[in-house]
Amino acid sequence: MQWEVVIGLETHAQLRTNSKIFSGASTAFGAAPNVQACAVDIALPGVLPVLNRAAVACAIRFGLAVGGAIAPRSIFARKNYFYPDLPKGYQISQYEIPVVSGGSLAIAVGQNDGRYEKTVQLTRAHLEEDAGKSLHEDFHGKSGIDLNRAGTPLLEIVTEPDMRSAAEAVAYAKALHALVQWIGICDGNMQEGSFRCDANVSVRPKGSDKLGTRREIKNLNSFRFMQQAIDYEVKWQIERIGDGGAIEQATVLFDPDSGETRAMRSKEDAQDYRYFPDPDLLPLEISPAWIAEVKSAMPELPAAMKDRFERDYQLSAYDAGALTATLATARYFEDCAAAAGAADVKTAKLCANWVMGELSARLNAAELDIAAAPLSAARLAGMIRRIADGTISGKIAKEVFDALWAGEAQDADAVIEARGLRQISDTGALEAIIDEVLAANPKSVEEFRAGKEKAFNALVGQLMKATRGRANPQQVNELLKQRLTGE
Amino acid sequence: MIKASLRELSAALAQKKISSVELSTLFLERIERLNPTLNAFISVDRDKTLAQAGQADAAIAAGGAGALAGIPLAYKDIFCTEGWATTCGSKMLANFVSPYDAHVVQLLKAAGLVTLGKTNMDEFAMGSSNETSFFGPVRNPWDTAKVPGGSSGGSAAAVAARLAPAATGTDTGGSIRQPAALCGLTGLKPTYGVVSRYGMIAFASSLDQGGPMAKSAEDCALLLSAMAGFDPRDSTSLARPVEDYARDLDQPLAGLKIGLPREFFAEGMADDVRAAVDAALAEYRKAGAVTVEVGLPNSGLSVPAYYVIAPAEASSNLSRFDGVRYGHRAPEYSDLFDMYCKSRAQGFGAEVKRRILIGTYVLSHGYYDAYYLQAQKIRRLIADDFAQAFEHCDVIMGPTSPGVAFDVGAKSDDPVAMYLSDIYTIAVNLAGLPGMSIPCGFGAGGLPVGLQLIGNYFDEARMLNVAHRYQQATDWHLRMPEDI
Amino acid sequence: MPLNLDQIARIARLSRIEISAAEAAQTRDQLNGVFALIEQLQAVDTRGIAPMAHAMDLTQRLREDVVTEEDRRAAYQAVAPEVEAGLYLVPRVVE
């Protein structure tokens, strides 16, 4: 039987605020246990929550970015359950009326010929508080509870069950990860847990329009794990059904060591969260004026910027997509293109190639973020200008790039001068060198004349060697051909 | 001195006729003598009190101290007081020494009032007789076989027996007004949001409100002026200008329109209560007020609606008492689940557990709409009734409690009978309105009867005026029980 | 609709309150008494009535995003049943 995979994602993005969603404690990561857990966070008797304006502003920003509806009035509810990392015995969340409803996110899946675009519909995004952490080691068989994270603002972003493969789920998660950082509401640090995904996975016979029973994979904190976990889960579900078994709704955890998912220890009783409006918090009202204010401060969004790149720089959809993968990359590219002279679309394309090619490869190898690149967009642009005006060839440019990366000089011109890398485009000078090379390589000349085309390339190689790569390659080709055949 | 009003005490302190240390000592000695019988206080700490009194004396001597500086005050043990055990009447918090002060405590401390001790109360404020306290029942100073009412029973008994000049209380369904009535005191529950709930251990968040319990309306006005005020830490605290609640005390009552809800004067009220209330209304008419009949047609639903809403909120509010960060943890348990279940079973008393279970049930899947949502809709009907009634009157009056204080043990095995003792007070909390109880005579057994005053939103100053003028014309509020 | 012992056991579990068999029977009877009172609500026609969750019809006030709290761990943990290395200890949490 042919199976169709159905995936919906729930993502918890920690919002970039200074203080917690309902208290004035710091949200900074990495403090000693419980020193950032204030009276409200540890739920002392008698304490009360007050909502952080900045957390709401983040939610509005997100709603605008995905084209969702921002509720003029939304409600905070209590989700009641007992857990040691949940000090009040309830989590303050939004239930019936979330702050953001609907919206969508465009994603690109796959590479090269297999690449396609798709839109994932969002169900909702709501504000809630994070829980603390349970640490399981070293306490004589007990767990230690650190409540520093308790009360950190979260935006929970829920999709429709729109994804049909692990690849689509990962593409969505990456696009969302880029977006929340792009609009500055989340630092995106997955190691620190700032961006965590739960995947609801089910399978159904292809062609069926009925959803299968889903299992929820909790706390996927890397894209690689997400891919592995979903792949394993899908295989498991299909095998189980194939063996005549049924899928039971469950929450499962992914074990990166074994690469398997396993159901969490069954709860003492079926969860019944007893949601009800939190009497300590009043309805959250968001005025059109506030939304307009947030909108006016919103950066150009990736989708719009991608369209603009395609239009203004005549870049391919693929290039424009890659350059708008993160705001930092897009900014770097635009700075570079502006400095290099982007009115010429060829120059713009050169910038795109260098940013996506050499720069990106070097950053990857060095595990650096583009914001921390050792050479600035302006310096790279200086080099690209010299390629565009014929001062250096693309090949020589690699050497210039290396020197700039290593911080050897202030700009490309200095490198070119110091190393004598200027391209030789003078016909007389090139002809003199050709004469020398031909004289020194009579065998290759013989072979070429005997019909071996390869020998031509060998001669070009010798020429380049003699000029240390500085000869204008196009001219060398033309002049050499003239000399060998034109006589 | 033990009979003196707050103004008289203030004057005596200002004129150095007595020091705060002397005054506090006087009350501490009375507590030492009478508390073993009354059980009104859970915590008394002579050293702490006298140290604070000494500071108040220094402030008075230095000049510029507030009018209430140096006056001792008892706090219901629901208010978090830094460095003091704050038990909420529960075994769960028997060893909880609060690391912070409630907003109300901060304000009153800043005004120079001296903490005399923490008063007994029904466990987590759940009760109407002060019998659910882990620290034992409180006795009514008018007759120690009787309950003082609840849940602020310790505060009521303490002030009635003159163990404290005044006290704080909280009122979720009548917990200031009913014990004030049963002990012959004046007590005021302000409009919801006037007094900060920060540091007041939550019972039912949308109903809870702190307020003063004292010997007179004037004392209540002075205390409320010091207790009330905007608190940014409480989302439901109202950002309103600071008020002097004593400003209108002496306004004449001529032309005052008193609304009498026909539902309050139907069956259910004991004859002795009715007689005292009728006499009080006659006194008001004599002062130039007129009475008009008003309707509160849904008020009969207030008890059932309350017993859905309050337990629902409480079941969630009390989840934080899990034995992890503070409070009682069972000495033995097999695992985490068992630790929760045992700690809470041991830490909470029967009435608290009952209400948690009711609350859990009405919020649980499949019952929410039928119970919780329905109760909230009826809550709106009840609030709307009041809005209509106040189109026809300035203040509503009626009994505070259907009867005078009952015997200790009389209703403790019958939750429903106990719940019905708040039948006249609960609607006020559901609507969020201000309510008062003032002494208006004595009923069977020489026990006090309370007259309830219900005002429109933010009409506290007017209500205090209405109460004060009555107390100028009568002396019920000055009567005190014989020393036990 | 009276509660049965299974329901009592279920809500006691949800509430994390241990309850013995004898207590359960007594609790059931008491709760059924209370629910008999509460059932009065069912007779009221509340169609079109907006539920009232708060005493005041106001909207949420917002806090500025400023860190105002300092470390008071020592004071807060002074009342804790069991702490070690700044952590609250509980019986092992099994996921």
Side-chain angles (χ1 to χ4, degrees), chain B residues 95-97 99 192-193 206-207 232 235-236 238-239 298 301 303-305 307-308 315 319 322-327 329 333 335-342 344-345 348 353-354 356-358 360-362 364 370-371 373-381 383 414-416 419 429-432, chain C residues 1 3 7-8 10-20 23 26-27 30-31 33-58 60-64 68 72 74-83 88-94:
Chain B
N95 296 314
F96 178 72
V97 176
Y192 183 86
S206 78
L207 304 166
S235 294
T236 61
L238 300 165
N298 293 292
L301 295 167
V303 173
Y307 278 96
V308 171
S315 70
S319 291
D322 59 4
V324 174
R325 299 162 314 286
Y326 49 78
R329 178 185 286 198
Y333 42 82
D335 58 15
L336 179 66
F337 179 81
D338 196 43
M339 187 202 87
Y340 282 147
C341 294
K342 286 203 164 67
R344 289 165 59 81
F348 293 138
K353 286 189 241 186
R354 215 152 31 230
I356 289 174
L357 295 175
I358 293 169
T360 299
Y361 185 69
V362 298
S364 65
Y371 290 119
L373 214 56
Q374 176 74 350
Q376 284 198 332
K377 290 174 181 175
I378 287 165
R379 182 176 184 181
R380 174 144 342 253
L381 293 177
D414 185 351
V416 173
Y419 297 172
N429 299 79
L430 291 172
Chain C
M1 101 202 93
L3 279 81
Q7 286 167 305
I8 297 291
R10 180 181 145 75
I11 57 177
R13 221 165 37 234
L14 272 175
S15 308
R16 298 292 186 271
I17 293 174
E18 187 179 67
I19 192 163
S20 68
E23 284 174 318
Q26 195 198 7
T27 301
Q30 285 172 333
L31 260 50
V34 177
F35 277 99
L37 177 76
I38 291 172
E39 290 304 327
Q40 288 177 45
L41 300 177
Q42 306 307 329
V44 185
D45 182 357
T46 54
R47 277 174 297 181
I49 307 293
M52 180 172 167
H54 295 280
M56 292 278 157
D57 188 18
L58 297 172
Q60 179 62 33
R61 176 165 30 82
L62 299 171
R63 220 187 76 241
E64 293 309 315
T68 53
R72 291 200 61 204
Y76 296 157
Q77 293 195 339
V79 291
E82 195 176 0
V83 290
Y88 296 97
L89 293 196
V90 296
R92 196 171 179 80
V93 177
V94 184

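Just so it is clear: chains get the letters A, B, ... in the order the sequence lines come, proteins before strands, and each one is counted from 1. In what follows, every heavy atom counts, from backbone to side chain, and hydrogens, waters and symmetry copies are set aside. Just so it is clear, the model here is predicted, and its values are computed rather than measured.
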Tell me which of these, B/A305, B/G193, B/S364, B/S315, has more heavy-atom pairs under 4.5 Å with chain C than the rest.
B/A305

Engaged part of C/L89 at the chain B interface, taking heavy atoms whose separation is under 4.5 Å:
backbone

Name the region of B/A383, side chain, backbone, both or neither, that has any atom closer than 4.5 Å to a heavy atom of chain C.
side chain

Could you have a look at C/Q77, C/Q42, C/E23, C/Q26 and say which one has the most heavy-atom pairs with chain B under 4.5 angstrom?
C/Q42

Portion of B/V324 that has a non-hydrogen atom of chain C nearer than 4.5 angstrom
both

Which residue out of B/A375, B/P232, B/A239, B/S319 racks up the most heavy-atom pairs below 4.5 Å with chain C?
B/P232

If one checks every heavy atom of C/L31 against chain B at 4.5 Å, the contacting part turns out to be side chain

Closest-packed option against chain C by number of heavy-atom pairs under 4.5 Å, given B/G323, B/G327, B/P304, B/G432
B/P304

Can you confirm whether C/L41 sits close enough to B/V308 that some side-chain heavy atom of one is under 4.5 Å from a side-chain heavy atom of the other?
yes

For the residue pair C/Q7 and B/L357, establish whether any side-chain heavy-atom pair is separated by less than 4.5 Å.
no

Other residues, nucleotides and ligands only: do more than 12 of their heavy atoms fall within 6.0 Å of CG on B/D414?
yes

Would you say the side-chain atoms of B/N429 pair up with the backbone N or O of B/A431, donor to acceptor, closer than 3.5 Å?
no

Within the distance-only criterion (no hydrogens, no angle test), does the side chain of B/K377 pair as donor or acceptor with the backbone N or O of C/M52 below 3.5 angstrom?
no

Which atoms of B/N298 approach chain C - backbone, side chain, both or neither, heavy atom under 4.5 Å
neither

Between B/Y371 and B/Y361, what is the ring plane arrangement, given parallel below 30°, perpendicular above 60°, and tilted in between?
tilted

Heavy-atom contact with chain C under 4.5 Å, split by part of B/R354:
both

Mind checking whether B/I356 and B/R344 have side chains closer than 4.5 Å, heavy atoms only?
yes

Portion of C/S15 that has a non-hydrogen atom of chain B nearer than 4.5 angstrom
both

Engaged part of C/I17 at the chain B interface, taking heavy atoms whose separation is under 4.5 Å:
both

Looking only at C/R63, C/Q60, C/R61, the option with the highest number of non-hydrogen pairs under 4.5 Å against chain B is C/R61

Using distance alone, with no hydrogens and no angle criterion, decide if C/T46 and B/R380 have a side-chain donor and acceptor under 3.5 Å apart.
no

Looking only at C/R92, C/H54, C/E82, C/M56, the option with the highest number of non-hydrogen pairs under 4.5 Å against chain B is C/M56

At a heavy-atom separation under 4.5 Å, does C/R72 approach chain B through its side chain, its backbone, both, or neither?
side chain

With heavy-atom distances below 4.5 Å as the criterion, would you say the side chains of B/Y307 and B/V362 are in contact?
no

Check each atom of B/L207 against the heavy atoms of chain C and say whether the ones under 4.5 Å are side chain, backbone, both or neither.
neither

Would you confirm whether B/Q374, through its side chain, and C/V44, through its main-chain N or O, come within 3.5 Å as a donor-acceptor pair?
yes

What part of B/S235 gets within 4.5 angstrom of chain C, counting heavy atoms only: side chain, backbone, both, or neither?
both

Drop me the distance from C/I49's CD1 to B/I378's CD1, to the nearest 0.5 angstrom.
9.5 Å

Side chain, backbone, both or neither: which part of C/Q30 has an atom under 4.5 Å from a heavy atom of chain B?
side chain

